[in-house]
Amino acid sequence: MVLDGLNAAQREVVAAPAGNVLVLAGAGSGKTRVLVHRIAWYIQTGQTHPHGILAVTFTNKAAGEMRGRIESLLQHPIGGMWVGTFHGIAHRLLRAHWQEAGLPENFQILDSEDQQRTVRRVIRGLELDESQHPPREAQWYINAQKDEGLRPQHLDDRGDPSLRQMIRIYRAYEEHCARAGLVDFAELLLRAHELFREQKERLAHYQQRFRHVLVDEFQDTNSLQYAWLRLLVGHDGSLFAVGDDDQSIYSFRGARMENMQRFQGDFPAAKLHRLEQNYRSTGVILRAANALIAHNATRLGKELWTAAGDGARVQLYSAFNEHDEARFVADRIAAEREGGGRYEDCAILYRVSAQSRVLEEILMQSGIPYRVYGGLRFYERAEIKDALAYVRLAVFRNDDAAFERIVNTPPRGIGQRTMEHLRVTARAQAGSLWEAALATMRDKMLPSRALSALDQFLRLIHGIGEQVRRQGPGEAVAAALEAGALREHYRKEPGEKGLSRIENLDELQNAAREFELDPELHGEIGPLQAFLAHAALESGETQADAQADCAQLMTLHSAKGLEFRQVFLVGMEEGLFPHQHSSQDARQLEEERRLCYVGLTRAQRRVTLTYAQHRRLHGTEFYPQPSRFLRELPAELMEDVRVGGDVSRALYAREAEAPDGAGFRLGQRVLHAKFGEGIVLNVEGYGSQARVQVNFAAAGSKWLVLAYAGLQPA
DNA sequence: AAGTGAGGTCTTTTT
DNA sequence: GACCTCACTT
């Protein structure tokens, strides 16, 4: 029954003998489906109980979806199964074993914004020049080290003075977080890894329990997540990993595509499977995507195919400027709608979020409803974070991030001088700001006006603490809003902004109450702590109002995992896509190409590409060249939209005429007697002169004369 | 302590 | 073009 409705390749994967399995699953090939059915298969064949399964994803959305699909397939709740994100699972482990992990019981989670503020404070505390050592860069550096599993003591400055300062900042930041009981996202993973590495009995316990570990989007794992999985799986466990190296687009945040290549070496007796039949797109779209991605040298190699027909050719529009581009897209969407289609079937994908502005203007003018994905999410809003900071400080007085945030919000006469004094005192006594404030009050170390303002603040927090102690999140948030007078504070903000902030605060109270009523969400740590963790780990939807029928606007990155009938890929220009910052380095360029591949493979029926001959960006003028990716698409799949337009045919890759009967295509998998399996990267010449460039998995990239090579289609 | 104007920056994003 | 930070003013 779990094998019903699967194709042969999927069935083979789902029912593969227990052991380590890597599934190279192309876009739209049913990757999550296979993962979910594998879980059901484990259970229905009696190999394990739900209790013995751990399934990991990257986003809460994916985890939620997976949970739902497992439950509906099994027809009952998943019980003791763990399904969650890497961070969520790490958090769960750390809450359960906080002592062994060296954390205070009520440690709090620092999100990226909190982290950056904290890093800034640390840099100032070290009396370093902020313009010389930008907090953003230091934060970046710290996270990159943690993602590699490196603590300050593992790092060597190699005599480089600026590196020396970075390490110094990292060390000071770490000390600060330890004092304040704060754990950032990367730290969750690092501590969870260290817990497994250093507490052998704990590790053994979880190894015994989770004999079957499953990971989605495996190409997005970073070094630390990979190392953690290796520890957990050990010798006796089994790892079932699903991923697509061609869709690895997050190396900038530590993702290691190489983890897919390493898999077979590191996990004993690992089996590799491929899922290449695509159920989403037309033949034309897949051929275009295959040809594009074939230009990448570092891949495991695969070629998507479909049983469906060819469909329409890929359209290309050369716009005069970004306004013309937007108008063209808007017209197309309007036409789609008039032809009986829906707005929501149309997605406009772009490289950088700044591109959305002009698109939005024109869509608005054209009366086309739209929705922009990305941007601030609910729990990231300033007013929400303010309110939660009151609760956090009331729960855990040492939370310096919360203290800094609300000590003078709303303004209560605690200014820079007072805060500077508290920071210095806190550093001197190696304690928190709260402790410094208590000492300052006790020794009367400030002018009486400042002392009285500070005293009021301390009492205020104390008061909330009294109320919060025995109450759930709903009451706690209410108490914080009341005592902090945040509604009054935001009411003063002019215009709609203040109004929406107050609405958000009301919504926060609702969310807290609802959370309180659902015991499933509380875990073992109590409703209030669970709610605070929930707010930090799941920042919520971008927009609560999922409007009816809207055109969808988003970056290529946020489009991953989604699909649309019609995809508009705009801004196909050198410098923008591939982006300037990524076009120098070969590895980064390949990632840009994968991003383009992701964009193309989002489309079910039709892809439209556009580029502008003239573009204003950041207030300056550009006359960009068309993107090199356009030239990498086979000419016969393309169609110029503008009649008599100046788009030259030469823009596209001419498919070389290979000798009769040979017919090798770009991106095709081939077999060579000596070099083994490879992918066709390039084709040139005619007849007996015809040559192909093939990237062999084992032997690397080679040019071969077809007449002698004896290549076979694989 | 709080409000105003100049100057620098500007990929991609989840947890 | 928009945002954020900093220095300066009141």
Side-chain angles (χ1 to χ4, degrees), chain A residues 56-63 84-91 109-117 120 124 129-131 134-137 140 143 146-147 183-190 192 217 220-222 224-225 248-255 322 349-358 361 373-377 379-380 407-420 447 449-450 453 533-540 542 554-561 571 575-583 588 591-592 594-596 598-599 615-621:
Chain A
V56 203
T57 63
F58 280 86
T59 67
N60 292 298
K61 193 174 155 217
T85 63
F86 277 103
H87 292 85
I89 286 164
H91 177 246
I109 300 168
L110 220 50
D111 72 14
S112 319
E113 194 212 344
D114 297 338
Q115 185 188 30
Q116 194 177 327
R117 287 164 176 258
R120 169 170 293 123
R124 288 183 181 168
D129 180 4
E130 257 181 86
S131 55
R136 283 185 59 96
E137 276 175 36
W140 183 263
N143 288 339
K146 288 189 179 185
D147 284 348
V183 174
D184 62 47
F185 289 136
E187 186 77 20
L188 286 171
L189 300 178
L190 186 46
E217 305 277 17
D220 286 339
T221 50
N222 65 28
L224 197 50
Q225 289 158 338
S248 163
I249 55 173
Y250 284 115
S251 74
F252 69 91
R253 65 181 200 215
E322 72 273 18
L349 311 182
Y350 37 81
R351 179 62 179 78
V352 304
S353 353
Q355 286 172 265
S356 79
R357 211 196 83 242
V358 175
E361 271 171 29
Y373 286 71
L376 262 199
R377 289 188 313 246
Y379 287 108
E380 290 167 357
V407 66
N408 205 30
T409 309
R412 54 172 68 85
I414 302 177
Q416 284 307 309
R417 295 191 74 91
T418 307
M419 280 312 292
E420 211 35 57
R449 223 174 85 178
H534 165 87
L537 287 174
E538 309 195 19
S539 22
T542 306
M554 67 192 81
T555 64
L556 284 154
H557 282 92
S558 21
K560 197 175 94 173
L576 187 57
F577 192 29
H579 197 274
Q580 191 62 51
H581 292 166
S582 306
S583 50
Q588 290 188 54
E591 180 143 319
E592 295 280 312
R594 290 193 290 270
L595 196 52
C596 188
V598 166
R615 184 179 295 274
R616 272 181 99 105
L617 207 64
H618 312 312
T620 33
E621 316 261 333

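Note on naming: letters A, B, ... go to the chains in the order of the sequence lines (proteins, then strands), and numbering restarts at 1 for each one.
Between A:Glu591 and A:Arg594, at least one side-chain N (NZ, or NE/NH1/NH2) sits under 4.0 Å from a carboxylate O, which counts as a salt bridge. The pair A:Glu322-A:Arg616 does not count as a salt bridge, with every side-chain nitrogen at least 4.0 angstrom from each carboxylate oxygen. A salt bridge links A:Lys560 to A:Asp220: at least one charged side-chain nitrogen sits closer than 4.0 Å to a carboxylate oxygen.
Annotation for A:Leu224 and A:Lys146: closest pair CD2-O, 3.0 Å, computed over non-hydrogen atoms. Taking each heavy atom of A:Val407 and A:Arg412 in turn, the nearest pair found is O-NH1, 2.8 Å. Nearest heavy atom pair, residue A:Ser582 against residue A:Glu592, reads OG-OE2, 3.2 Å. In terms of heavy atoms, A:Asp147 sits closest to A:Gly254 at OD2-CA, 4.3 Å.
For the atom pair NE2 of A:His91 and OG1 of A:Thr85, the computed distance is 10.5 Å after rounding to the nearest 0.5 Å.
Note on ring orientation: taking the six-membered ring where Trp is involved, the planes of A:Phe252 and A:Trp140 are parallel (angle under 30°, cut-offs 30° and 60°).
With a glycosidic angle more than 90° from 0, B:dT12 adopts the anti conformation.
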List, with names and distances, any nitrogen or oxygen atoms from the protein found under 3.5 Å away from nitrogen or oxygen atoms belonging to nucleotides 6-8 of chain C.
residue : atom : partner  : partner atom : Å
C:dC6   : OP1  : A:Glu130 : OE1          : 3.2
C:dC6   : OP1  : A:Glu130 : OE2          : 3.4
C:dC6   : OP2  : A:Arg124 : NH2          : 3.1

What protein N or O atoms touch nucleotides 2-5 of chain B N or O atoms at under 3.5 angstrom, if any, and at what distances?
residue : atom : partner  : partner atom : Å
B:dA2   : OP2  : A:Asn408 : ND2          : 3.0

Inset, instruction - Produce a footprint string for nucleotides 10-15 of chain B: one letter per nucleotide, 5' end first; B if the base is under 4.0 Å from any protein heavy atom, S if only the sugar-phosphate is, - if neither. - result: BBBBBB
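A:Gln116 places no side-chain N or O within 3.5 Å of a backbone atom of A:Glu113 that could act as its donor or acceptor partner.
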